[in-house]
Amino acid sequence: MLDDFLFRAFLAGAGLAHVAGPLGCFVIWRRMAYFGDSLAHSALLGVTLGFLLNIDLQLGVLATCVAVALTVAALHQQQRLPTDTLLGILAHSGLALGLVALSFMSDLRVDLLGYLFGDVLAVGTGDILWIWLGGLAVLGVIVLTWRPLLLATLHEELARAEGVPVLAMRLTLMLTLAITIAVAMKIVGILLVTSMLILPAAAARRFARTPEEMAVLAALFGVLAVGGGLWGSLSYDTPSGPSIVVAALLCFVAALVLGGLVQRR
Amino acid sequence: MSALLSAHGVCFNRGGRQILDSISLSVEPSEVVTLIGPNGSGKTSLLRILLGLEQADAGRVARRPGLTVGYVPQRLTVEPTLPMTVLRFLSLPHRVSRAAAREALEETGVAHLERAQVHALSGGEFQRVLLARALLRRPDILVLDEPAQGIDFSGQLDLYQLIDRIRRQRGCSVLLVSHDLHLVMAATDRVICLNRHVCCSGEPEAVSRHPEYLALFGPRAAQALAIYHHDHDHHHDIAGEPVPLAGQTENGPATADQASREDRQV
């Protein structure tokens with residue numbers, strides 16, 4: 001019989017994984033991994049904001065992520081600084097600002113490790129609702145804009161010449177990424193969020209012949225990683241967030257080996 | 001006849017440098033127009049402005065209302081991380097039926113590639129897939145940016161033949177960019193020679209003798225053209241003596257096919 005908290009944890013993790021898979025594919029195709037990382041790092045500033053303004057923490061994180069995403073998009077248009085420089089500045093100043101601001105609130109005892117590395121075993125029913133609502137909203141947007149999104153990913157100029165609103169597509173991806181990161185923070189934590197986007201999608205690449213196959217497989221691998229990670233966490237008494245990421249890594253390595261064997265045949 | 005696409009006094013600057021200086025041109029229905037010019041002459045900028053990818057600093061671009069453009073970009077590199085078969089690619093951003101997709105691929109001669117991954121295609125194969133994709137949009141005008149780049153000589157001739165055939169069968173206009181006049185010669189109605197401004201324009205032969213064209217490309221370009229043209233009405237026997245082509249009327253235009261065979265002998 002499944003323990004109740006373990007079941008809740010799995011439900012929460014699966015809610016993240018089925019969105020992170022397809023979205024992670026776009027992160028890989030468009031080389032946005034560093035962007036995801038930057039959003040995630042600045043999410044800690046959102047946590048602080050949440051405490052300061054006394055609002056829901058996930059709302060604070062979501063607002064910060066959206067603000068950072070829009071800032072990156074705006075600065076990217078100007079092309080004054082290379083994008084990776086820009087992201088590096090935002091990522092680490094977000095994290096540092098968050099930590100500094102937290103230390104000023106001395107009357108507050110904050111479980112910092114929980115935010116940095118996730119605390120999925122502590123999720124409540126409300127969290128699960130948040131995760132699934134956010135997740136399904138993101139998935140809905142991706143499914144609805146799938147074809148133009150793919151064309152814009154494949155060749156932005158071609159898409160633009162054919163009337164695809166390329167800027168809107170880019171913003172859509174950035175905002176859905178912001179929502180996903182706000183959602184994922186509870187599960188694997190700020191520092192490990194990007195891995196849930198990248199690892200399952202990278203593992204899926206070898207077995208996919210179409211983008212749809214890759215997205216579905218990535219979602220499956222993600223759920224598998226959540227299940228495996230939670231099981232490992234329980235069996236070996238390891239922290240749950242990192243265990244999920246390690247499980248995802250094992251998935252990826254297995255896919256590399258298996259994929260190599262399949263291709264040799 | 002009203003023009004499908006036209007530019008009126010288009011100017012364009014980038015980084016304090018003038019790239020285009022009051023360009024005016026138009027493409028009429030069923031017309032093949034070739035933009036030609038040396039590197040850095042602003043061909044690509046002009047094309048991007050005509051396509052609406054870039055805003056002109058002055059002047060305006062007019063399109064016939066409801067115009068459908070089939071754009072074939074110059075070079076398309078696809079991330080190998082993105083799995084995509086050719087058939088799937090043709091269904092972006094709108095779904096097309098398998099039969100229609102196959103028909104288009106057959107028309108451009110790459111039906112055997114329908115299950116191939118797009119990132120594994122060669123430059124020439126990809127050009128034809130892109131062309132098939134553009135045809136599926138039922139374009140009023142095909143816009144091709146240096147379609148022959150990275151393709152060997154006989155492949156280039158084949159490609160221009162294909163473009164010519166598509167134009168004749170579908171009656172669509174074609175606007176193409178090239179830096180090689182003698183290759184596009186047979187398939188083009190009008191050449192616009194560009195070097196920041198429109199140097200000269202007109203029928204290919206007239207342009208090839210125009211002093212501004214010769215100043216830009218040098219007399220060797222005209223010579224290459226002369227050889228090419230001279231070959232239209234005869235071929236050579238084993239001893240190298242010119243022999244009139246069988247079954248061809250006096251002064252009749254040689255087909256591109258004959259021309260290509262001739263060129264390979266030269």
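Only a predicted model underlies this, so the values are computations on that prediction, with no experimental measurement involved. Letters go in sequence order (proteins before strands), and every chain restarts at 1.
Looking only at heavy-atom pairs under 4.5 Å with chain B, the residue among A:A159, A:A161, A:P211, A:A208 that has the most is A:P211. Ranked by non-hydrogen atom pairs under 4.5 Å with chain B, the options A:R160, A:E162, A:H155 are led by A:E162.
Interface remark: A:R209 contributes backbone and side-chain atoms alike to the contact with chain B (heavy atom separation under 4.5 Å). Of the atoms belonging to A:E213, not a single heavy atom falls under 4.5 Å from chain B. With a threshold of 4.5 angstrom between heavy atoms, B:R48 approaches chain A through side-chain atoms but not through N, CA, C or O.
Qualifying side-chain hydrogen bond (donor to acceptor under 3.5 Å, both in side chains) partners for A:T153, counting only residues two or more places apart in sequence or in other chains: A:R30.
Distance CD/A:E157 to CD/B:Q74: 10.5 Å, rounded to 0.5 Å.
Enclosure of atom CD in B:E103 is not indicated, since only 12 or fewer non-hydrogen atoms of other residues, nucleotides or ligands lie within 6.0 angstrom. When the shell of 6.0 Å around CD of B:Q169 is examined, it contains more than 12 heavy atoms from other residues, nucleotides or ligands.
Within residues 78-102 of chain B, the residues having any heavy atom less than 4.5 Å from a heavy atom of chain A are, in residue-number order, B:V78, B:E79, B:P80, B:T81, B:L82, B:P83, B:M84, B:T85, B:R88, B:F89, B:S91, B:L92, B:P93, B:H94, B:R95.
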